[in-house]
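For clarity, every value in this text was computed on a predicted model and none was experimentally measured.
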Amino acid sequence: MSELHVVHEGSRDAPPLLLVHGSGASGATWRPMVAALAARHHVIVVDLPGCGQSPPPPSYAVPAQAGQVAALLDELGLRRVAVAGHSSGGYVATALAEQRADLVRSITLISCGPSMDALLPQPLILRALLSPPLGPLLWARRSDAMIRKGLSATAVRPIDVPDDLVADLRGTGYRTFRAVLRRNAEYITARGVPERLAALRVPVLVVFGAADPRWKPASAQRYAALPDARVDLLPGVGHLPMLEAPEATSELLLQFTAAATR
């Protein structure tokens with residue numbers, strides 16, 4: 001039985017849509033979009049291993065995380081699922097399709113850096129939180145305000161951070177977050193996401209904030225060479241389209257999933 005924490009929204013008879021959060025976050029990242037998505041989908045919001053309310057795994061390697069997600073979908077009896085991943089959640093979505101093509105109908109990548117050379121210098125607050133020797137000390141003393149400030153550092157527009165997301169982030173340990181980041185880097189260093197997707201026959205939607213401060217926004221165009229890919233840039237949006245522009249992001253995702261189910 002899968003140990004991953006999962007929340008279901010919408011009719012179980014509707015087309016399934018799996019939402020996968022980014023590094024060290026939780027399913028609460030998607031909260032501003034869930035109501036709109038659940039009007040047309042059976043929405044499955046998962047907390048990845050060691051994040052939110054899911055227990056830590058033996059390995060944070062991206063393929064291992066994807067394997068746990070596959071086990072969850074098998075347990076739910078779901079096939080041909082639309083999968084959307086934010087940031088490194090897109091790596092898990094891609095690895096899921098690599099392992100189990102039968103489970104994935106389409107992939108939406110939101111703010112998903114294609115390779116390590118697209119990574120920008122990180123905001124000062126994030127560098128302080130993640131770098132030893134001060135990182136572990138600051139991490140242990142994070143206030144809710146500091147967590148909100150850290151999230152906002154990757155956004156361009158003002159954002160309203162859900163309280164349950166702050167609580168989930170507070171529960172994510174420093175070592176867990178560092179391990180997740182290392183394993184994500186290993187995955188896209190071994191092979192970039194566009195190259196991985198090129199080997200798969202799956203429709204792809206790429207949504208990127210045109211002002212993303214974490215990944216070079218122009219790097220989104222690397223996905224445009226894929227035969228079944230659509231790339232959309234959101235003007236004036238940073239790394240968190242789900243919180244910065246939930247309506248526009250939801251509409252793009254719904255248009256894509258509707259077309260992908262025909």
Side-chain angles (χ1 to χ4, degrees), residues 4-22 25-48 51-53 69 72-73 76 78 80-90 92-93 96 103-112 148 151-152 154-169 202-212 220 229-262:
L4 296 183
H5 177 75
V6 62
V7 173
H8 298 268
E9 300 286 351
S11 171
R12 298 292 185 103
D13 296 325
L17 169 61
L18 174 69
L19 303 180
V20 187
H21 63 79
S26 76
T29 309
W30 299 96
R31 182 166 305 284
M33 292 176 54
V34 166
L37 300 178
R40 301 190 204 172
H41 285 278
H42 167 202
V43 177
I44 305 109
V45 188
V46 66
D47 286 351
L48 289 175
C51 298
Q53 299 179 53
V69 174
L72 170 66
L73 295 177
L76 295 173
L78 295 175
R80 304 282 291 159
V81 177
V83 184
H86 172 246
S87 195
S88 63
V92 176
L96 178 64
L103 296 179
V104 180
R105 178 185 294 275
S106 65
I107 295 176
T108 297
L109 304 176
I110 300 175
S111 306
C112 184
R148 285 189 160 88
L151 275 172
S152 297
T154 65
V156 173
R157 298 182 182 181
I159 58 174
D160 182 15
V161 181
D163 290 342
D164 50 351
L165 177 56
V166 174
D168 287 342
L169 287 168
V202 58
V204 177
L205 169 66
V206 175
V207 179
F208 233 89
D212 193 322
R230 168 182 168 179
V231 178
D232 282 286
L233 293 180
L234 297 174
V237 173
H239 188 61
L240 302 172
M242 308 89 62
L243 300 177
E244 297 178 69
E247 296 85 1
T249 307
S250 296
E251 187 56 34
L252 286 173
L253 180 50
L254 288 171
Q255 290 174 2
F256 174 66
T257 55
T261 56
R262 291 171 188 164

**Student:** Any donor and acceptor pair, going by atom type alone, linking the side chain of His239 with main-chain N or O of Asp212 inside 3.5 Å?
**Tutor:**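 No, His239 side chain to Asp212 backbone: no donor-acceptor pair under 3.5 Å.
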**Student:** Identify, with sequence neighbours excluded, every residue that meets side-chain hydrogen bond (donor to acceptor under 3.5 Å, both in side chains) alongside His86.
**Tutor:** none
**Student:** Is any side-chain heavy atom of Leu78 closer than 4.5 Å to a side-chain heavy atom of Ile44?
**Tutor:** yes
**Student:** Taking it one step at a time, do Thr257 and Arg105 satisfy side chain to side chain contact (heavy atoms under 4.5 Å, CB included)?
**Tutor:** CA-CA 9 Å; Thr257 55; Arg105 178 185 294 275; over 6 Å; no
**Student:** Between Met242 and Ile110, what is the shortest heavy-atom contact and its length?
**Tutor:** SD-CG2, 4.2 Å
**Student:** Is any side-chain heavy atom of Leu253 closer than 4.5 Å to one of Leu17?
**Tutor:** yes
**Student:** Check whether any side-chain heavy atom of Asp232 sits under 4.5 Å from a side-chain heavy atom of Phe256, and report yes or no.
**Tutor:** no
**Student:** Between Cys51 and His21, which heavy-atom pair has the shortest distance, and what is it?
**Tutor:** CB-CE1, 3.7 Å
**Student:** Of all residues at least two apart in sequence or in a different chain, which pass the side-chain hydrogen bond (donor to acceptor under 3.5 Å, both in side chains) check with His42?
**Tutor:** His8
**Student:** Would you give the length of the straight line joining atom OG of Ser111 to atom CG of Leu234, rounded to the nearest 0.5 angstrom?
**Tutor:**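 One gets 8.0 Å once the value is rounded to the nearest 0.5 Å.
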**Student:** For the residue pair Leu169 and Ser26, establish whether any side-chain heavy-atom pair is separated by less than 4.5 Å.
**Tutor:**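 Sidechains of Ser26 and Leu169: no contact.
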**Student:** According to the salt bridge (charged side-chain N to carboxylate O under 4.0 Å, His left out) rule, which pairs have a member within residues 28-44, sequence neighbours left out?
**Tutor:**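 Every pair satisfying salt bridge (charged side-chain N to carboxylate O under 4.0 Å, His left out) with a residue in residues 28-44: Arg31-Asp164.
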**Student:** For Leu205 and Leu252, which heavy atoms make the closest approach, and how far apart are they?
**Tutor:** CD2-O, 3.7 Å
**Student:** Which heavy-atom pair separates Cys112 from Leu109 by the least distance, and what is that distance?
**Tutor:**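 Distance-wise, the nearest heavy atoms are CB-CB, 3.8 Å.
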**Student:** What are the two closest heavy atoms between Ala210 and Pro235, and how far apart are they?
**Tutor:** CB-CA, 4.0 Å
**Student:** For the atom pair OG1 (Thr29) and CG (Asp168), what is the distance rounded to the nearest 0.5 Å?
**Tutor:** 8.0 Å
**Student:** With sequence neighbours excluded, give me every side chain to side chain donor-acceptor pair (under 3.5 Å) pair touching residues 9-19.
**Tutor:**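 Applying side chain to side chain donor-acceptor pair (under 3.5 Å) to every pair that reaches into residues 9-19, excluding sequence neighbours, yields nothing.
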**Student:** Which pairs with one or both residues in residues 233-257 pass salt bridge (charged side-chain N to carboxylate O under 4.0 Å, His left out), sequence neighbours excluded?
**Tutor:**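 Listed once each, the pairs would be none.
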**Student:** Any non-hydrogen side-chain atom of Leu18 less than 4.5 Å from a side-chain atom of Val83?
**Tutor:** yes
**Student:** Show the numbers, then the answer: is there a side chain to side chain contact (heavy atoms under 4.5 Å, CB included) between Leu103 and Val81?
**Tutor:** CA-CA 6 Å; Leu103 296 179; Val81 177; 5.6 Å; no
**Student:** Taking C-beta and beyond as the side chain, do Leu19 and Met33 meet within less than 4.5 Å on heavy atoms?
**Tutor:**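 They are not in side-chain contact.
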**Student:** Going by an N to O cut-off under 4.0 Å, is there a salt bridge joining Arg148 and Asp160?
**Tutor:**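 Salt bridge flag = no for Asp160 with Arg148.
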**Student:** What pairs with Asp47 under side-chain hydrogen bond (donor to acceptor under 3.5 Å, both in side chains), at least two apart in sequence or on another chain?
**Tutor:**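 Testing Asp47 for side-chain hydrogen bond (donor to acceptor under 3.5 Å, both in side chains), a comparison that skips the adjacent residues, returns none.
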**Student:** Work out which heavy atom in Trp30 is nearest to a heavy atom in Val20; give both atom names and the distance.
**Tutor:** CZ2-O, 3.3 Å
**Student:** Look up atom CG in Leu73 and atom CZ in Arg80, then write down how far apart they are to the nearest 0.5 Å.
**Tutor:** 13.5 Å
**Student:** Would you say the side chain of Val156 lies within less than 4.5 Å of the side chain of Val237, judging by non-hydrogen atoms?
**Tutor:** no
**Student:** Tell me, do Pro162 and Leu243 make a side-chain contact under 4.5 Å, heavy atoms counted?
**Tutor:** yes
